[in-house]
Amino acid sequence: MLARRVVIVGGGTAGWMTAAALSRLLPGRCAVHLVESEAIGIVGVGEATLPHIRAFNERLGIDEADFMAATRATFKLGIEFVNWGRIGDSYIHPFGTFGPGGAEVDFHQFWLRLKQQGIAVPDLDLFSMACTMGRMNRFALPSRDSRGLDSTFGYAYQFDATLYAPYLRKIAEEMGAKRTEGRIVTVHRDRETGDVTSVQLESGEKIEGDLFVDCSGFVSLLLDKTLGEPFEDWSKWLLNDRAAAMPCHTAGAVTPYTGVIAMPYGWRWRIPLQHRTGNGYVYSTQFLSDEDAAATLIAAVEGEPIAEPRVLRFKAGRRTRSWVRNCVGIGLASGFLEPLESTSIYLIQAAITALLELFPEKEISPVDRDEFNRLIDLEYDRIRDFLILHYHATERADTPYWDYVRTMQIPDTLAEKMELFRRRGRVVKYREGVFLDASWVAVYLGQRVIPQGHDLRADAPPAESLVAGMRNLAAEIQALAGAMEDHGAYLSRYCPMKDAA
């Protein structure tokens, strides 16, 4: 069988992640041809990731230390949320478990039981390796021995997104992917089937394919402009539509976590890399002008700015379908959910994984296409609910912005999840979806969504033994984290950054 011709429209992170994965993991099954124009800029501010990216890199045979040095990366144990429940509040959404994990009854249920009985117990953060390491600014790779507490955390990366795509391009081209520089001016379609048959460049060159992957970003050249796939607008729940982004020199600690600070009309990110700190203000133009957002960001950053703020425009939502006819949308061409929980690169990865699993052998099967769309819709819908939770679960009423999100009507799917947690601290469990129990528990409790009851199985142990066990557990976690290396020192030894090419 001849290799199927795959044409990827657009480069950037989405395009080169797709090209590298198809070239590496489907050798001989497809011929990959990527078309991009250097005249069209990339977003290039998606600097924070989720732990799933480690598996993606490993599948491509990427050496972690080399990748981190090339992209000037730091480690990420979670996300610190400041001023979200109330002004002055702070909690970390950790990558890992609360407690030792693996038990039939979740650890937070025992913690809730003691709190509801009026018994003083340490904050839940102190029972998380990731939270404790983050607060202490320490890092070590997780233990491979699943019996130890030092195996109960995961990690992701904070890296320079403008360096990740070129890194992947080298891998893709080594595996046989072809790149053509040029701007697409025409998309040709089959008159009978409606399938895309080729793209034509300004030079007049036509590039033909069997399967087209739309990685053209917000332009959505194929899914939207060519095939007219409708967009589901979620801005009534996720009303932010701008981000002012600006790098600065690092003046504070190079923390092993991303900072997310609630602001009067949105929120601000802080992402420390090895060579600089990324900053941004995500906001809604219903309440704040671009000029005021930029001025607020400049005043808030910790170090000397390296560049002027750059304003990005977006709308929250997704295409009704991400795979239409012979065109698959990956990344921003398919949809966008603001970067509050660092999900953009994960959604690219999820789409690539689904495409690999459902890659057409001969003709495109409607069944495979429908399954791809089902999987991607689930990812978007469940992340949407998780993001909305952060806004809705607030007690802030200091500006019209926070008043709106606190009182807005939320999707029924999220309302049901919140009611279940309020009743007895239960987290809805899914076979598919990115965020597991500890993620939901961290946000619920961190933003004062307090259950009225708990899992009755947590009543079995005597209170005295539970209290003693928890104190010992917190002390052991503190000792393990305290014995680890400083995060900055670990980076200097493990993956000192390379000079930019």
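Keep in mind that this is a model prediction, so the values were computed, not measured.
- If you run ring-ring contact (aromatic ring centres under 6.0 Å, His included) between His390 and each of Trp267, Trp440, Trp402, Phe81, only Phe81 comes through.
- Within the 3.5 Å criterion, the main-chain N or O of Trp323 finds a donor-acceptor partner in the side chain of Asn373.
- Residues Thr74 and Phe139 form no side-chain contact, since every pair of their non-hydrogen atoms from C-beta on lies 4.5 Å or further apart.
- Residues meeting the salt bridge (Lys or Arg N to Asp or Glu O under 4.0 Å) test with Glu64, sequence neighbours left out: none.
- Relative ring orientation between Trp237 and Trp234 is described as tilted, the plane-to-plane angle lying within the 30° to 60° band.
- Between Glu38 and Glu181 there is a side-chain heavy-atom pair separated by less than 4.5 Å.
- With 3.5 Å as the limit, one finds no donor-acceptor pair spanning the side chains of Tyr281 and Asn240.
- With Tyr167 as the aromatic partner, Arg169 does not meet the cation-pi criteria of under 6.0 angstrom to the ring centre and within 45 degrees of the ring axis.
- Using a cut-off of 4.0 Å between Lys/Arg side-chain N and Asp/Glu carboxylate O, Arg276 and Glu47 are scored as salt-bridged.
- Of all non-hydrogen atoms in Leu375 and Ala354, the two that sit nearest each other are CD1-CB, 4.2 Å.
- For His487 (side chain) and Arg138 (main-chain N/O), no donor-acceptor pair under 3.5 Å exists by modelled atom type.
- The minimum heavy-atom distance linking Cys131 with Phe98 is given by the pair SG-CE2, 4.5 Å.
- Atom CZ of Phe67 is separated from atom CG of Leu168 by 8.0 Å, given to the nearest 0.5 angstrom.
- Using a distance-only test at 3.5 Å, with no hydrogens or angles considered, a donor-acceptor pair links the side chain of Gln158 to the main chain of Thr258.
- For Arg325, the salt bridge (Lys or Arg N to Asp or Glu O under 4.0 Å) criterion is met by no residue, not counting sequence neighbours.
- Remark: side-chain polar atoms of Glu302 are paired, donor with acceptor, to backbone N or O of Gly252 under 3.5 angstrom.
- Contact check for Tyr155 versus Arg54: side-chain heavy atoms found under the 4.5 Å cut-off.
- Here CZ of Phe153 is found 11.0 Å from CD1 of Ile477. Values are rounded to the nearest 0.5 Å.
- Phe56 CZ to Met17 CE: the interatomic distance, rounded to the nearest 0.5 Å, is 4.0 Å.
- In this structure, Arg448 CZ and Thr394 OG1 are separated by 9.5 Å, a value rounded to the nearest 0.5 Å.
- Looking at Asp106 and Arg426, no side-chain N of the basic residue comes within less than 4.0 Å of a carboxylate O on the acidic one, giving no salt bridge.
- Annotation for Ile376 and Ser322: closest pair CG2-OG, 3.6 Å, computed over non-hydrogen atoms.
- For the salt bridge (Lys or Arg N to Asp or Glu O under 4.0 Å) test, residues two or more places apart in sequence or in another chain that qualify with Glu395 are Arg86.
- Remark: Arg382 is not positioned above the aromatic ring of Phe435, lacking an NZ or CZ atom under 6.0 angstrom from the ring centre and at most 45 degrees off the axis.
- In the model, Ser90 has a side-chain atom that pairs as donor or acceptor with a side-chain atom of Glu80 under 3.5 Å.
- Between the side chains of Ser216 and Lys225, not a single donor N or O lies within less than 3.5 Å of an accepting N or O.
- Looking at Leu34, Leu22, Leu355 one by one, the single match for side-chain contact (heavy atoms from CB on, under 4.5 Å) with Val6 turns out to be Leu22.
- Arg423 CZ: 12 or fewer foreign heavy atoms inside a 6.0 Å radius.
- Aromatic pair Phe336/Phe218: centroids less than 6.0 angstrom apart.
- Of all heavy-atom pairs spanning Met136 and Ala481, the tightest one is SD-CB, 3.7 Å.
- Using a 30° and 60° split on the angle between ring planes, Tyr490 and Phe75 fall in the perpendicular class, above 60°.
- With rounding to the nearest 0.5 Å, the separation of SG in Cys327 from CG in Leu227 is 5.5 Å.
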### Message
Apply side-chain contact (heavy atoms from CB on, under 4.5 Å) to residues Phe95 and Leu77 and explain how you reach the verdict.
### Response
CA-CA 6 Å; Phe95 298 153; Leu77 295 164; 5.5 Å; no
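- A donor atom on one side chain and an acceptor atom on the other are found under 3.5 Å apart for Tyr91 and Gln447.
- Ser151 places no side-chain N or O within donor-acceptor distance of the main-chain N or O of Pro142, the cut-off being under 3.5 Å.
- A side-chain contact (heavy atoms from CB on, under 4.5 Å) with Val35 is found for one member of Ile184, Val9, Ile8 and no other, namely Ile184.
- In terms of heavy atoms, Gly446 sits closest to Asp89 at O-OD2, 4.4 Å.
- Here the OH atom belonging to Tyr444 is positioned 10.0 Å from the NE2 atom belonging to His108, to the nearest 0.5 angstrom.
- Contact detail for Pro94 and Ala442: the closest heavy-atom pair is CD-CB, 3.8 Å.
- A donor-acceptor contact shorter than 3.5 Å links the side chain of Asp214 to the backbone of Leu223.
- Of the possible polar contacts, one joining the Gln109 side chain to the Gly425 backbone as a donor-acceptor pair under 3.5 Å is found.
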